[in-house]
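All values below were derived from every heavy atom in this structure, side-chain atoms included, with hydrogens, water molecules and symmetry-related copies excluded.
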Amino acid sequence: MGEEARVVDTESSEENATRRNHDWVVDLYPLSSYYFGSRDAVRVKDEMISDRVARLKSNYAAHGLRTCVEAVLLVELFKHPHVLLLQYRNSIFKLPGGRLRPGESDIEGLKRKLASKLSINENVLVPGLEVGECIGMWWRPNFETLMYPFLPPNVKHPKECLKLFLGRLALHQQFVVPKNFKLLAVPLCQIHENEKTYGPIISQIPKLLSKFSFNMMEII
């Protein structure tokens, strides 16, 4: 029985190792295999920083900690990973996602927000999109603009938590965004530490993805 147990344990360990290795490999499909369309424009909140801070204070007073979830979606172009970013007013770049509703789970909330940002019908989930692991978290200790990739030990009541999830795209995905936004594929090499253009969080995405291997899928 001891020998059988060791064999079973070895096989189980090998299966777990294979599964873990698979999780660290991300299949990337060519940008040309996706369809990009547009729909009616939407009203954009937070025209000014002061407006966003005021809304954050109001939300915190009503619901407590604000939790936001965003997706890192990758495609292949020129044999290099590109991140899909929403662009607004030619100078503001965002990851698709948004705020969770009270009691809503991270995964379900992100799927809902991706439908509202990237689908022709905000009530229909984006088909074939798999929400993977959380690859990063940022905290807003106070009602201020800065967020940190850690929670300072002296902060007992943070005001906001932002979580980034890796999204795995299926082949032939369709993306439909409001007319006042653009959905751009931006190379990792351009984003890397380019805080001036993309902000302190998006510019760190290449580092967050460094543990993954990318499998560039060829479409025949």
Side-chain angles (χ1 to χ4, degrees), residues 16-17 19-31 34 65-88 91-100 105-114 117-118 126 128-141 144-153 155 158-170 173 175 181-217:
N16 290 336
R19 189 178 300 111
R20 286 195 298 270
N21 290 336
H22 176 73
D23 290 341
W24 300 135
V25 177
V26 181
D27 293 335
L28 300 187
Y29 294 96
L31 179 65
Y34 298 101
L65 175 69
R66 170 190 173 109
T67 302
C68 295
V69 289
E70 296 178 347
V72 176
L73 306 176
L74 301 170
V75 298
E76 179 271 329
L77 184 62
F78 304 123
K79 301 298 181 181
H80 185 71
H82 285 55
V83 182
L84 295 182
L85 296 179
L86 289 166
Q87 183 188 36
Y88 177 66
S91 60
I92 300 175
F93 295 90
K94 296 182 177 182
L95 291 166
R99 179 171 62 90
L100 295 180
S105 71
D106 295 342
I107 303 300
E108 293 305 314
L110 182 54
K111 288 181 178 180
R112 175 181 60 82
K113 295 305 295 187
L114 290 177
K117 304 288 185 180
L118 303 177
V126 179
L129 192 156
E130 176 188 346
V131 177
E133 53 272 75
C134 178
I135 60 173
M137 295 176 64
W138 275 261
W139 299 88
R140 192 186 307 276
E144 56 186 21
T145 58
L146 294 178
M147 297 189 76
Y148 302 88
F150 57 87
L151 183 61
V155 176
K159 304 305 182 283
E160 183 175 5
C161 177
L162 170 63
K163 302 179 183 180
L164 300 191
F165 287 85
L166 178 62
R168 297 173 184 260
L169 298 177
Q173 200 86 44
F175 299 106
F181 283 86
K182 297 178 182 178
L183 187 59
L184 304 180
V186 184
L188 286 186
C189 60
Q190 180 175 319
I191 292 174
H192 179 58
E193 294 189 343
N194 190 351
E195 183 174 338
K196 181 178 180 181
T197 301
Y198 300 103
I201 295 178
I202 292 178
S203 61
Q204 296 300 309
I205 288 177
K207 292 181 179 179
L208 298 176
L209 295 175
S210 62
K211 66 180 179 180
F212 295 95
S213 297
F214 300 112
N215 185 23
M216 307 298 176
M217 308 295 289

> So F212 and I135, side chain to side chain contact (heavy atoms under 4.5 Å, CB included) or not? Walk me through it.
Replying inline: CA-CA 11 Å; F212 295 95; I135 60 173; 4.0 Å; yes
>> Under the rule for side chain to side chain donor-acceptor pair (under 3.5 Å), what residues qualify as partners of S105, not counting sequence neighbours?
In response: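 S105: no side chain to side chain donor-acceptor pair (under 3.5 Å) contacts found.
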Can you tell me how far apart [atom1] ([X]) and [atom2] ([Y]) are? Round to the nearest 0.5 Å.
X: K182; Y: L85; atom1: NZ; atom2: CG; answer: 13.5 Å
X: L95; Y: I202; atom1: CG; atom2: CD1; answer: 4.5 Å
X: L84; Y: Q173; atom1: CG; atom2: CD; answer: 10.0 Å
X: E70; Y: L164; atom1: CD; atom2: CG; answer: 6.0 Å
X: I205; Y: S210; atom1: CD1; atom2: OG; answer: 12.5 Å
X: N194; Y: F93; atom1: CG; atom2: CZ; answer: 9.0 Å

Could you pull out the closest heavy-atom pair between [X] and [Y], with the gap in Å?
X: P96; Y: L110; value: O-CD1, 4.3 Å
X: L184; Y: Q87; value: CD1-OE1, 3.2 Å
X: P81; Y: L28; value: CB-CD1, 3.7 Å
X: C161; Y: L65; value: N-CD1, 3.9 Å
X: R99; Y: K113; value: O-CD, 4.0 Å

[X] versus [Y]: any side-chain heavy-atom pair under 4.5 Å?
X: P141; Y: P158; value: no
X: L114; Y: F175; value: no
X: L209; Y: F214; value: yes
X: M147; Y: L162; value: yes

>> Between F165 and D106, does the side chain to side chain contact (heavy atoms under 4.5 Å, CB included) criterion hold? Intermediate values first, please.
In response: CA-CA 9 Å; F165 287 85; D106 295 342; 3.7 Å; yes
>> Taking atom NZ as the centre, does K196 end up with more than 12 heavy-atom neighbours from other residues, nucleotides or ligands that are less than 6.0 angstrom away?
In response: no
> Under the side chain to side chain donor-acceptor pair (under 3.5 Å) rule, what pairs show up with a residue in residues 184-193, not counting sequence neighbours?
Replying inline: Q190-Y198, E193-K207
> Can you pull the salt bridge (Lys or Arg N to Asp or Glu O under 4.0 Å) pairs that have at least one residue in residues 129-140, sequence neighbours excluded?
Replying inline: E133-R168, R140-E160
>> Taking ring-ring contact (aromatic ring centres under 6.0 Å, His included) as the definition, give me every residue that meets it alongside F181, ordered by chain and number, with sequence neighbours left out.
In response: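 ring-ring contact (aromatic ring centres under 6.0 Å, His included) check on F181 returns Y88.
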> Using the ring of each side chain (for Trp, its six-membered ring), is F150 parallel, tilted or perpendicular to Y148, with breaks at 30° and 60°?
Replying inline: tilted
> Which of parallel (below 30°), tilted (30 to 60°) and perpendicular (above 60°) describes Y34 and Y29?
Replying inline: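 The arrangement is perpendicular - the two ring planes meet at more than 60°.
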> Is there a donor-acceptor contact under 3.5 Å from the side chain of H80 to the main chain of C189?
Replying inline: yes
> side chain to side chain contact (heavy atoms under 4.5 Å, CB included) with E195: which residues, sequence neighbours excluded?
Replying inline: P200, S203
> Run the side chain to side chain contact (heavy atoms under 4.5 Å, CB included) check on M217 and D27 step by step: do they pass?
Replying inline: CA-CA 6 Å; M217 308 295 289; D27 293 335; 3.8 Å; yes
Could you pull out all donor-acceptor pairs under 3.5 Å where a side-chain atom in residues 72-79 meets a protein atom, sequence neighbours excluded?
from, atom 1, to, atom 2, distance (Å)
E76, OE2, F78, N, 3.4
E76, OE2, K79, N, 2.7
K79, NZ, E218, OE2, 3.4

